[in-house]
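Naming convention: chains lettered A, B, ... in sequence-line order (proteins, then strands); numbering from 1 in each chain.
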Amino acid sequence: SQQGEEDPQALSIQEGENATMNCSYKTSINNLQWYRQNSGRGLVHLILIRSNEREKHSGRLRVTLDTSKKSSSLLITASRAADTASYFCATDPNDYKLSFGAGTTVTVRA
Amino acid sequence: DTAVSQTPKYLVTQMGNDKSIKCEQNLGHDTMYWYKQDSKKFLKIMFSYNNKELIINETVPNRFSPKSPDKAHLNLHINSLELGDSAVYFCASSQASTGAAVAFFGQGTRLTVV
């Protein structure tokens with residue numbers, strides 16, 4: 001069954017605006033990760049947040065994690081055209097499995 | 001140098017045929033995966049191998065048979081292809097033993113069954 005579910009399914013923003021997407025999951029986790037997928041390419045890891053962390057930053061990315069609500073959010077600040085991609089959260093119900101959702105497709109308009 | 005490489009990138013074949021997709025990683029990782037991404041972009045794990053041993057088989061039909069000759073390679077053979085097998089298949093690897101396994105993905109193989 002699907003572990004992570006991203007919301008919204010699609011997001012269209014103007015260059016320079018912030019983009020926020022959310023992820024909800026069902027079971028307990030060790031870590032939660034966010035990945036980006038450009039059209040026609042494989043997924044690329046962006047950031048990992050451990051279950052005992054509440055917030056993490058990496059460049060223009062900010063991730064939050066609320067284990068009590070089983071949810072995470074990814075904020076991309078000052079978006080650029082190059083940020084146009086699909087974004088996926090991934091959870092690890094065990095060491096040998098990363099479960100993904102269907103992703104949020106972000107379009108940044110120039 | 002490509003970290004995770006899979007071939008071919010595109011595969012068009014007729015129903016009933018048998019085909020293989022190859023995957024190799026040069027990252028020294030112990031764990032390799034096959035994922036299937038459908039037309040709605042939902043990414044579903046199919047198999048997970050650790051040090052050549054099958055760890056996870058997510059109720060994939062028997063027509064799909066992964067093979068890991070060594071921990072750097074994980075190939076996927078598909079028998080009797082069906083229309084519903086059309087999808088993008090991704091190979092990935094990670095060092096699962098770290099407890100925070102970041103996955104590295106190949107560029108995908110777009111399989112079209114006609």
Side-chain angles (χ1 to χ4, degrees), chain A residues 1-11 21 23 25 27-53 56 58 61 63 65 84-107, chain B residues 2-7 9-10 21 23 25 27 29-59 68 71 74 87-110:
Chain A
S1 64
Q2 191 172 336
Q3 169 73 328
E5 293 188 23
E6 293 87 351
D7 168 63
Q9 287 188 325
L11 186 57
M21 59 211 85
C23 167
Y25 57 92
T27 63
S28 61
I29 58 171
N30 297 316
N31 311 287
L32 185 141
Q33 304 180 42
W34 285 91
Y35 288 77
R36 183 187 73 229
Q37 184 181 30
N38 291 94
S39 180
R41 308 293 293 272
L43 278 73
V44 174
H45 177 257
L46 293 176
I47 194 165
L48 179 150
I49 186 165
R50 296 181 185 274
S51 58
N52 61 356
E53 296 176 309
K56 200 159 182 182
S58 176
L61 304 180
V63 169
L65 179 64
T84 294
S86 293
Y87 293 82
F88 295 82
C89 68
T91 54
D92 56 348
N94 64 54
D95 284 345
Y96 302 103
K97 178 177 179 178
L98 275 180
S99 292
F100 293 83
T104 293
T105 299
V106 175
T107 303
Chain B
T2 305
V4 181
S5 60
Q6 52 183 108
T7 56
K9 188 168 182 181
Y10 300 98
I21 308 171
C23 179
Q25 55 97 1
L27 297 167
H29 288 163
D30 290 335
T31 306
M32 295 186 72
Y33 314 82
W34 277 109
Y35 282 86
K36 178 180 180 180
Q37 187 172 44
D38 63 23
S39 58
K40 295 182 180 178
K41 294 195 176 179
F42 178 52
L43 202 63
K44 182 174 170 59
I45 190 167
M46 300 173 68
F47 302 102
S48 168
Y49 269 72
N50 188 61
N51 280 321
K52 304 190 298 177
E53 299 297 322
L54 178 66
I55 302 295
I56 288 172
N57 178 341
E58 285 282 302
T59 60
S68 183
K71 74 174 194 177
L74 181 62
V88 182
Y89 292 84
F90 286 98
C91 176
S93 73
S94 72
Q95 192 60 27
S97 58
T98 62
V102 170
F104 291 76
F105 282 78
Q107 80 276 24
T109 296
R110 183 173 292 276

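Contact annotation for B:Gln6: neither backbone nor side-chain heavy atoms come within less than 4.5 Å of a heavy atom of chain A. Proximity to chain A (any heavy atom under 4.5 Å) is restricted, for B:Ile56, to the side chain, taken from C-beta onward. Contacts of A:Gln37 with chain B are made by side-chain atoms alone, with heavy-atom separations under 4.5 Å and no backbone atom involved. Only the backbone of B:Lys40 comes within contact range of chain A, with at least one heavy atom under 4.5 Å from a heavy atom of that chain.
When atom types are taken as modelled, the side chain of B:Tyr35 and the backbone of A:Phe100 share no donor-acceptor pair closer than 3.5 angstrom.
Residues A:Tyr35 and B:Val102 are in side-chain contact: their nearest non-hydrogen atoms beyond the backbone lie under 4.5 Å apart.
Between B:Ser48 and A:Tyr96, the shortest heavy-atom contact is OG-O, 2.8 Å. Minimum interatomic distance between A:Leu98 and B:Ala103 (heavy atoms only, all atoms of both residues): CD1-CB, 3.7 Å.
Residue-environment remark: CD (B:Gln107) exceeds the threshold of 12 foreign heavy atoms within 6.0 Å. Annotation for B:Lys71: atom NZ counts as buried by contact number, over 12 foreign heavy atoms lying within 6.0 Å.
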